[in-house]
4 protein chains.
Amino acid sequence: MKISGIIGYTVTPFDPCTQGVDLAKLGEVIDILLAGDVDAIAALGSAGEAAYLTAQEWQQVAEFTVKHVAGRVPVIIGIAALTTAQATTYAKYAHQFGADMIMLSPFSYYQLSEQEIFEHYQQVSNASPLPIMIYNNPAVCGVDMTPELMLAMVADIENVVAIKESSGDIQRMHKIYHLSEGAVPFFNGCNHMALEALTAGAAGWCTAAPCLIGDKPKQLLQAVANSEFERAQGLFYQQFEFLEFIVSSGLAAAVKAGFALKGMDVGGPRAPLLPLNDAKQKQLAQLLSNLR
Amino acid sequence: MKISGIIGYTVTPFDPCTQGVDLAKLGEVIDILLAGDVDAIAALGSAGEAAYLTAQEWQQVAEFTVKHVAGRVPVIIGIAALTTAQATTYAKYAHQFGADMIMLSPFSYYQLSEQEIFEHYQQVSNASPLPIMIYNNPAVCGVDMTPELMLAMVADIENVVAIKESSGDIQRMHKIYHLSEGAVPFFNGCNHMALEALTAGAAGWCTAAPCLIGDKPKQLLQAVANSEFERAQGLFYQQFEFLEFIVSSGLAAAVKAGFALKGMDVGGPRAPLLPLNDAKQKQLAQLLSNLR
Amino acid sequence: MKISGIIGYTVTPFDPCTQGVDLAKLGEVIDILLAGDVDAIAALGSAGEAAYLTAQEWQQVAEFTVKHVAGRVPVIIGIAALTTAQATTYAKYAHQFGADMIMLSPFSYYQLSEQEIFEHYQQVSNASPLPIMIYNNPAVCGVDMTPELMLAMVADIENVVAIKESSGDIQRMHKIYHLSEGAVPFFNGCNHMALEALTAGAAGWCTAAPCLIGDKPKQLLQAVANSEFERAQGLFYQQFEFLEFIVSSGLAAAVKAGFALKGMDVGGPRAPLLPLNDAKQKQLAQLLSNLR
Amino acid sequence: MKISGIIGYTVTPFDPCTQGVDLAKLGEVIDILLAGDVDAIAALGSAGEAAYLTAQEWQQVAEFTVKHVAGRVPVIIGIAALTTAQATTYAKYAHQFGADMIMLSPFSYYQLSEQEIFEHYQQVSNASPLPIMIYNNPAVCGVDMTPELMLAMVADIENVVAIKESSGDIQRMHKIYHLSEGAVPFFNGCNHMALEALTAGAAGWCTAAPCLIGDKPKQLLQAVANSEFERAQGLFYQQFEFLEFIVSSGLAAAVKAGFALKGMDVGGPRAPLLPLNDAKQKQLAQLLSNLR
């Protein structure tokens, strides 16, 4: 199983009455991503409010996602647990449910040392045979990993095989490519950096954008792959303001608002997150209208 | 109930075999703090690894702490929950167990807007009649609150009455004092800033240091209260390197290592946190020896 | 010659017609500072727009200042030259004119290495027998020096004897005090940090505030020296908003506007600096009125 | 005159004996850049140590550069003066000497407001008819300009026509492109960001690299222009470590060391800058050898 291309991220729909996870709607979200020509499905990432789910909800979403995708594309399951014990438990579930890969971030209340981060990944690798994608997103996880640390984990921990870089600094990707001589696959996790990430050699782009704008991200990826620079640039700037908007507004709130604008009620984000306010909803409607 | 002075913070002891919470040892920790002449006891703060406890463990610690203190001093219970629902649940428990105050921080995976933070505090205030101390610690919680926002919450949300500032920027305290004309009590949450915080008008100092160095923090507080500047300065610099060490090494790991050095086994911190390494343990032993 | 206490900083008056330096007015500024009970006079610091003066103007100001002070208090001359050659030339002039001390900052277009900074100070020390105060002000000079580097220069470079810390981080002062065991004199260069700097053991406070508020800074310094805690806190918060205002508005523009409000025309700051706008002038007038 | 492509930056050679500017060597540097197929020559930028030259030296270099290039390609003259008066004087000289464009940065001792920056550019535009390229390099100039401010100056100040972005943040370029709908030419000023800048639509790349590695930068630029994606990526990563090295080591010191390694003595950088140490020289020799 080789994962590359557009990795489509789900949001986690909540039932407006019970506030519980709405699995039927999650199935619709997955199907919309697949219709947007994504090359893999990822659940329980930042867009999926994984940190706000109970352990039981997390398992429901992970299990359902694998079943619903049913082998059409590979499935990645995100783990952002506060303790190593919880992360290893989740990793075992992901394997048991039949996922193809784990995406693991060192989400933490405390500043973690490099040794603590390394041990965290080592324990999760020991607990499950699934390949692991390191997820570096300092803005949400509160922990920043250098390219050097991440490459050391790829080299030294058995199941760690890839990197998702969401720090927003393109130099990190250059470092990963340069230091590994292009051998370690890295993925773009910062939507409004997609053009340069793909140009810099990213193996793919992790994004919830296809939830709302279909195969536009895939078209951009293919334009780069086909060396159509002008087309790639055009496609990027066409999506740019939208991509920046969903990041700066909060992925979960923004994508859920976008679904509502398309007539599909997936509930709001879970508190303390608030839904987009009216002005933001109007702005999003305009951006989506421009992209049609 | 007026809370001021030295607020002594507990660590959460774990049983070396079961890895569960060791309540008997927690009782000993509380008694050590009280012997250090603290004016209040606070459980489930950063030093207490609250973010790493299960909901059941959190309740055990909260309930036991109130019972064990048994009215000798007021008790503050820390809440750093990811969702508003969890925070309100904990707030109800704190009230039910008989705590005197809640210390609430907006711990979050996502960047929260000021409105989201405000609503979070509002909901918790609605859920429990306990007075609330706002806890601003951007380094661990990933959320930074301005003095202006915190003062607005004190003014507009019924039970919000005090501020614990741990950003490390003394200007925040000046702002709080200046903007509220000295009327809103604020506490120092940054150990190696204690001298200037107290001089700037802090109502007290939140610290786990008395776990290891007895009444030294109280002596410093009293020297400032008595206008003994030279004595205050001397006491501060005597403790300075130790205070900086426990902050930079991680409070939970450092204080637990200090207990071990004193012959009391409270277990290590919970993974991904690692215990202090040998070099750090030796450094701590030296610092404690200097302070005896 | 031992320098301590309030170091009063001059602005550099410009003639409204010729735009050249107005030495007569500079004399008046110096006399106002002395009437504010300062313990030393410093010319050609940040408040003095030294970086914007021609070499000839710089010499005029330095020479005039020493002559006009005429031994009533010690005189410090600031040097913020881009090249080492220029800095050594200025150092020789300062000595020749009879100054008591040089204040030297590594102002630079480029990021300088610690070795480059060290060599810069070494060359200036070789060029003049005057004692040197290191001036660390990263916000304006573009170079930040650690306490460790500055203490190494005090230890290893003959004429380097003191430190002026303007980074705004009180921990730097604690480090200087702690690492030197209180032996190296350091001065506060951040106006709205005066209370904690003095409490932390600063030998003095470098400030242009006495240009506008007379002996209020000296009163604060003496209250700390006399262990009058409550009085010190009261005096600090009385001045706080004013001190913060002149820093955030730009010292040269703010102090010159203050002189104009008092009916003394010292000209505006030199372009690209602009004078305070009307709203800021009104705010300053109010602040000064509150302090009378 | 339309300026685009590779803008080759000169260093300023100093005579080892007199320490004065060595114009003959400067002529050789210019010829080496032209042999590297640059599309324009720029003197007196960061690589040229302009901030460390006397006014007389600055004029010599500006005048000589225009004469020596003699119309073979356009000439850009950099201005990084501390006062507006000095900047306007230099702008007049640049025009008088026959330069084609001015590159102007708001180099300053003080934090400048947006209005102060705007007025600075306005005054320079009033003083000379030459087109002006805004140069944003916060790391050296101490002033950071937003895309919005720079675009406002392009729109509202007569001679301001282009932007050189050296902040190192690719999002700034996306903003410039997006907000101006591609109409305002922007140049890459951050060497190790060249690939993504060109992909993002930069009109060119400002670089001293051709001093040492000939037409490699031009090849990269052309590969992007020809939509040869794989070739562009290969050329970029071939040069990447070298480009990062000359930036992190300081452009002037690094490029001058490179000339020495090639057997051409252009002197060292001016103090406080130091020449590369032995280890760095060996590293540079290796990097250059890899690129041959």
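In the text below, chain A, chain B and the rest are named by the order of the sequence lines, each starting its count at 1. Computed from heavy atoms alone, side chains included, the values below leave out hydrogens, waters and symmetry copies.
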query = In chain order, what residues pass the ring-ring contact (aromatic ring centres under 6.0 Å, His included) check against D:Phe64, with sequence neighbours excluded?
reply = D:His68

task = Compare all side-chain heavy atoms of D:Leu274 with those of C:Leu112 and state whether any distance is below 4.5 angstrom.
result = no

ask   = Tell me, side chain or backbone of C:Leu251 under 4.5 Å from chain D's heavy atoms, or both, or neither?
value = neither

remark   = Turns out that what part of D:Ala87 lies under 4.5 Å from chain C's heavy atoms comes down to neither

Contact class of C:Ala80 relative to chain D, heavy atoms under 4.5 angstrom = side chain

Return one line per donor-acceptor pair between chain D and chain C under 3.5 Å, naming both atoms and the distance rounded to 0.1 Å.
| from | atom 1 | to | atom 2 | distance (Å) |
| --- | --- | --- | --- | --- |
| D:Ser46 | O | C:Tyr110 | OH | 2.5 |
| D:Ser46 | OG | C:Tyr109 | OH | 3.0 |
| D:Glu49 | N | C:Tyr110 | OH | 3.3 |
| D:Tyr52 | OH | C:Ser108 | OG | 2.9 |
| D:Thr84 | N | C:Ala271 | O | 3.2 |
| D:Ser108 | OG | C:Tyr52 | OH | 2.9 |
| D:Tyr109 | OH | C:Ser46 | OG | 3.0 |
| D:Tyr110 | OH | C:Ser46 | O | 2.5 |
| D:Tyr110 | OH | C:Glu49 | N | 3.3 |
| D:Gln111 | NE2 | C:Ala139 | O | 3.0 |
| D:Glu116 | OE2 | C:Leu274 | N | 2.7 |
| D:Ala139 | O | C:Gln111 | NE2 | 3.0 |
| D:Ala271 | O | C:Thr84 | N | 3.2 |
| D:Leu274 | N | C:Glu116 | OE2 | 2.7 |

